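Numbers restart at 1 for each chain; the letters A, B, ... are given by sequence-line order, proteins then strands. Since the structure is predicted, the reported quantities are computational estimates derived from the model, not experimental observations.
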Amino acid sequence: MDERESFLEESKTLKDRRNKLDKLVSEGREPYKSKFVEPDELAHSDGLCKRYADLGAGELSGERVSVAGRIMAIREHGGATFFDLLDSSGRIQLLFRENILGRDRYRDSLNLDVGDIVGVTGEMMRSKRSELTVSVESFELLSKSLRPLPEKWHGLKDKEIRYRQRYLDLIMNEETRSVFKARTEIIKRIREFLDERGFTEVETPILQLIPGGASARPFVTHHNALDIDLYLRIAPELYLKRMLVGGYERVYELSRNFRNEGISTRHNPEFTMLEVYWAYADYSDMMRLVREMITDVVIYAKGDSLIEVSGEKIDLLKPWEEITMLESLSKYANLELSIEMETSELCMIAEQNDILIPQGAGPGWLIAELYEKLVEPKLVHPTFVLDYPEEISPLARGKADSPGFTERFEVLIGGHEIANAFSELADPLEQRRRFEEQLRKRALGIEEAHALDEDFLTALEYGMPPAGGLGLGVDRLTMLACGCASIRDVILFPHMRPQEGERRGRES
RNA sequence: GGGCCGGUAGCUCAGUUGGCAGAGCAGCGGACUUUUAAUCCGAAGGUCGCAGGUUCGAUUCCUGCCCGGCCUACCA
């Protein structure tokens with residue numbers, strides 16, 4: 001049996017395509033060509049639109065171009081046929097005519113299908129109905145498509161297919177293409193923004209012996225040669241701080257992080273986080289930096305400073321609010337709390353608000369939990385929430401004038417955490433005490449508590465300069481900029497439960 | 001993990017108070033040399049998510065399972 005036969009099933013549409021393919025092969029025509037013209041000689045639809053903007057309806061340009069792409073529509077009119085061609089820059093119309101191509105080649109062109117990838121050469125013209133068109137003089141089938149594309153008018157709507165077969169989503173939905181274009185622009189602009197300010201991009205380990213820098217459960221893997229378990233990083237933080245010890249003053253990493261936790265509209269097991277460390281700066285410097293960066297990046301990617309979150313319009317150029325966590329609880333939840341309150345009293349308030357209290361929860365944890373539940377969703381306009389409890393901030397510098405709190409803030413936009421930053425804790429003895437506190441939580445069964453990283457403490461003992469650090473969720477920033485409700489809309493290949501058959505394919 | 005909603009032709013969707021499964025588009029055959037959701041004529045196309053149960057008969061009712069979406073909980 002021909003090996004090409006084994007993978008396509010019985011559907012009639014698929015059989016028709018297979019028959020066309022077989023016919024091409026039997027006639028000695030290669031349905032998968034190696035090359036059309038020199039790639040640099042290919043014109044693109046957006047460039048042609050600009051170049052021939054002045055061409056009038058019905059006019060010929062007298063100039064020859066070559067374009068290549070996927071056939072998206074075919075409109076046949078006897079001796080003339082229109083095709084819509086999609087390339088990476090957009091769409092352009094092709095016109096195939098029998099009197100230009102000759103009878104045989106014109107007949108060949110009618111065997112092309114929607115979905116096929118073709119290269120054509122011809123004269124640029126504008127049709128009577130004012131559509132910029134390539135009047136095809138020669139063409140080649142470059143890749144035969146064996147599967148029908150989704151419907152041309154309604155497109156591809158099924159979210160499951162859009163996520164599982166993103167290539168189809170990209171072919172069919174201009175909106176999807178523009179979201180991922182924006183994502184690329186955002187990441188590019190983040191680099192430019194930081195590079196312009198003297199920051200250096202580095203790459204630190206993804207495989208870590210001790211997964212540190214955040215509170216989360218890690219993925220575990222195994223190194224065979226060393227015969228040790230390693231963890232996929234949950235954050236690059238502790239390595240970037242080692243860079244500060246090593247003498248880097250401004251450093252950042254665009255870090256793919258992995259967290260072995262739930263999947264939701266705001267959580268993907270792997271996600272992209274920017275982390276920035278700035279020596280001799282503190283959290284107030286980081287506030288300025290992150291506000292400027294978010295505003296700059298969104299304007300660059302989107303063209304303006306206006307974003308929309310669940311129907312609410314937000315102008316990033318308007319002043320951002322600043323409020324401490326305790327003040328916010330007073331203002332938005334009418335709760336007057338303090339870190340000196342008895343744990344039992346705070347527990348009672350938490351329980352009244354349907355918060356499940358784990359063993360070992362102290363006042364700081366309870367206050368932060370109440371804040372997250374009662375205040376966060378209300379912070380739609382960009383807001384800096386300042387002064388997080390030390391209990392939930394084991395890597396942040398304590399706040400001198402308010403014991404129990406740290407010099408830490410988060411940026412809330414549209415009710416979601418976009419960034420998290422603090423003045424870094426540089427004191428190795430205090431850091432050890434904080435780690436030991438985390439170990440006590442671990443002993444109580446809280447898996448997400450930080451692990452003690454002895455090598456990191458050693459680095460701190462050599463001396464780390466005072467510094468501000470920042471983490472920013474790149475996926476969430478993209479969601480904000482593009483108005484996407486789900487993180488899956490901004491990740492090219494979001495994680496999905498495998499379908500029946502996917503595993504089998506992998507094992508065979 | 002819990003709740004709600006969904007899975008019917010390649011795609012977008014109807015439908016069956018339990019009795020031969022429907023449309024549009026795509027595809028196939030035909031007509032048509034400036035259309036752009038082209039138009040016109042013709043013939044096709046289905047494991048109704050999967051597995052059980054009830055029934056003379058299940059795509060429809062019941063149970064379980066799989067997959068997805070939204071909300072919710074944990075987390076960023």
Side-chain angles (χ1 to χ4, degrees), chain A residues 8-17 19-20 57-58 72-85 91-101 106 113-115 125-133 135 145-164 168 172 213-217 234-235 257-275 354-356 358 369 372-373 376 410-412 416-420 446-448 471-477 479 485-488 494 496-502:
Chain A
L8 291 179
E9 320 73 31
E10 313 72 32
S11 149
K12 180 145 190 314
T13 322
L14 294 178
K15 271 186 181 157
D16 288 335
R17 291 284 177 104
N19 291 339
K20 281 190 184 178
M72 295 302 288
I74 300 175
R75 295 178 292 281
E76 206 186 316
H77 296 266
T81 302
F82 292 96
F83 288 72
D84 287 345
L85 189 80
R91 280 189 189 229
I92 190 146
Q93 180 169 266
L94 312 178
L95 174 57
F96 288 64
R97 277 178 291 189
E98 190 168 14
N99 60 342
I100 288 179
L101 288 160
Y106 185 70
D113 288 301
V114 170
M125 55 168 274
R126 195 174 290 279
S127 73
K128 284 177 190 166
R129 300 282 174 96
S130 260
E131 183 80 21
L132 192 66
T133 302
S135 174
S145 168
L146 295 180
R147 291 181 185 272
L149 288 177
E151 205 244 356
K152 63 183 171 189
W153 186 240
H154 298 94
L156 180 65
K157 288 186 173 170
D158 188 310
K159 285 199 171 183
E160 184 170 358
I161 302 178
R162 291 179 54 193
Y163 295 146
R164 286 192 196 276
L168 283 180
M172 297 308 298
S215 303
R217 278 186 290 170
I234 54 175
N257 294 344
F258 305 85
R259 299 191 184 175
N260 204 340
E261 282 163 358
I263 295 176
S264 78
T265 48
R266 282 182 294 281
H267 301 87
N268 195 61
E270 54 183 292
F271 64 102
T272 304
M273 168 155 280
L274 168 72
E275 288 209 4
D354 301 321
I355 289 168
L356 284 173
E369 201 63 21
E372 277 182 31
K373 178 138 193 175
E376 268 195 1
E410 285 194 2
V411 175
L412 274 286
H416 298 307
E417 300 160 24
I418 298 299
N420 173 26
I446 300 172
E447 281 181 75
E448 296 83 11
L472 181 143
V474 172
D475 311 279
R476 289 186 178 178
L477 182 60
M479 287 167 69
S486 170
I487 196 168
R488 289 180 158 176
M496 305 282 279
R497 194 182 292 275
Q499 281 179 316
E500 190 89 20
E502 276 189 84

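For B/U34, the base has a donor-acceptor partner in the side chain of A/Arg97 [N/O atoms by modelled type, under 3.5 angstrom]. A donor-acceptor contact under 3.5 angstrom links the side-chain atoms of A/Glu76 to the base of B/C32. Side-chain to base pairing of A/Glu131 with B/U34: no donor and acceptor N or O lie closer than 3.5 Å to each other.
For B/U60 and B/G22, the C1' atoms lie 15 Å apart once the distance is rounded to whole Å. Across B/G27 and B/G45, the matching C1' atoms stand 9 Å from one another, rounded to whole Å. Atom P of B/C62 sits at a distance of 16 Å from the matching atom of B/U54, rounded to the whole Å. Taking atom C1' on both B/C20 and B/G10, the two are 24 Å apart, rounded to the nearest angstrom. Distance check on atom P: B/C4 versus B/G64 gives 12 Å, rounded to whole Å. To the nearest whole angstrom, the two P atoms, one in B/G30 and one in B/C67, are 46 Å apart. Comparing the same atom, C1', in B/A21 and in B/G1 gives a spacing of 39 Å after rounding to whole Å. For the P atom pair drawn from B/C40 and B/C56, the interatomic distance equals 49 Å after rounding to whole Å.
The partner of B/G10 is B/C25, by the rule that a Watson-Crick or G-U pair needs both atom distances under 3.5 Å. Across the strands present, B/C61 finds its partner in B/G53; the criterion is a Watson-Crick or G-U wobble pair with both atom distances under 3.5 angstrom. Checking B/U17 for Watson-Crick or G-U wobble geometry (two distances, each under 3.5 Å) identifies no partner in any strand. Searching all strands for a Watson-Crick or G-U wobble partner of B/A31 with both distances below 3.5 Å returns B/U39. The partner of B/A73 is absent, by the rule that a Watson-Crick or G-U pair needs both atom distances under 3.5 Å.
Rounded to whole angstrom, the span from the NE2 atom of A/His77 across to the P atom of B/U36 amounts to 7 Å. In this structure, A/Asn260 atom CG and B/G1 atom P are separated by 14 Å, rounded to whole Å. Going from atom OH of A/Tyr163 over to atom P of B/G6 covers 19 Å, rounded to whole Å. Following rounding to the nearest Å, A/Asp158 (CG) and B/C70 (C1') show an atom-to-atom distance of 15 Å. Straight-line distance from the CZ atom of A/Phe96 to the C1' atom of B/U36: 15 Å, rounded to whole Å. With rounding to whole Å, A/Arg217 atom CZ is found 13 Å from B/C74 atom P. Computed from coordinates, the A/Asn99 CG to B/U34 C1' distance equals 12 Å when rounded to whole Å. Note: CE (A/Met72) to P (B/A26) measures 13 Å, nearest angstrom.
Between A/Phe83 and A/Phe96, the ring-plane angle classifies as tilted under the 30° and 60° cut-offs.
Considering all non-hydrogen atoms of both residues, A/Ala216 and A/Arg259 come closest at CB-CD, 3.5 Å. Contact detail for A/Pro358 and A/Leu356: the closest heavy-atom pair is CD-O, 3.5 Å. Between A/Lys373 and A/Asp354, the shortest heavy-atom distance links the atoms NZ-O, 3.6 Å.
Residue A/Ser486 places its side chain closer to B/C70 than to any other of B/C70, B/C11, B/G27. Listed nucleotides B/G27, B/U33, B/C67 differ in distance to A/Asp113; the shortest reach to its side chain belongs to B/G27. Out of B/A73, B/U36, B/U34, the shortest distance to the side chain of A/Ser264 is found at B/A73.
Among the protein residues, A/Lys128 comes within range of the nucleic acid bases, having at least one heavy atom under 4.0 Å from a base atom. Within 4.0 Å of A/Thr265, counting heavy atoms only, lie sugar-phosphate atoms of the nucleic acid but no base atom. Nucleic acid contact for A/Asn268: base, since at least one base atom lies under 4.0 Å from a heavy atom of the residue. Looking at heavy-atom distances under 4.0 Å, A/Met125 makes contact with a base. Across all strands shown, A/Gly155 has heavy atoms under 4.0 Å from sugar-phosphate atoms exclusively, and none from any base. Residue A/Met496 is classed as a sugar-phosphate contact, given heavy-atom separations below 4.0 Å to backbone atoms only. At the heavy-atom level, A/Asn257 lies nowhere under 4.0 Å from the strands shown. As judged by a 4.0 angstrom heavy-atom cut-off over every strand, A/Glu447 is placed among residues making no nucleic acid contact.
The shortest distance between side-chain heavy atoms of A/Leu146 and A/Leu14 does not fall below 4.5 Å.
Judged purely by atom type and a 3.5 angstrom limit, A/Tyr163 has no side-chain atom pairing as donor or acceptor with the backbone of A/Asp158. The backbone N or O of A/Phe271 sits nowhere less than 3.5 Å from a side-chain atom of A/Asn257 that would complete a donor-acceptor pair. Side-chain N or O atoms of A/Arg476 include one that pairs as donor or acceptor with a backbone N or O of A/Arg266 at under 3.5 Å.
Comparing A/Glu410 and A/Pro150 against RNA chain B, the residue whose closest nucleotide sits nearer the 5' end is A/Pro150. Mapping A/Ser130 and A/Glu261 onto RNA chain B by nearest heavy atom places A/Ser130 at the nucleotide closer to the 5' end.
Regarding contacts with the backbone of B/G68, a side-chain N or O of A/Arg164 is found under 4.0 angstrom from either OP1 or OP2. Here A/Arg129 does not reach the OP1 or OP2 of B/U34: none of its side-chain N or O atoms lies under 4.0 Å away. Taking 4.0 angstrom as the limit, A/Arg497 places none of its side-chain polar atoms (N or O) nearer than this to OP1 or OP2 of B/C66. For the OP1/OP2 pair of B/A26 and a distance below 4.0 Å, the side-chain nitrogens and oxygens of A/Lys152 include at least one atom meeting the criterion. Not one side-chain nitrogen or oxygen of A/Arg75 sits closer than 4.0 Å to the OP1 or OP2 atom of B/U35. Taking only side-chain nitrogens and oxygens, A/Arg147 never comes nearer than 4.0 Å to OP1 or OP2 of B/G10. Regarding contacts with the backbone of B/G27, every side-chain N or O of A/Lys20 stays at 4.0 angstrom or more from both OP1 and OP2.
Side-chain polar atoms of A/Ser215 and A/Glu448 form no donor-acceptor pair below 3.5 angstrom.
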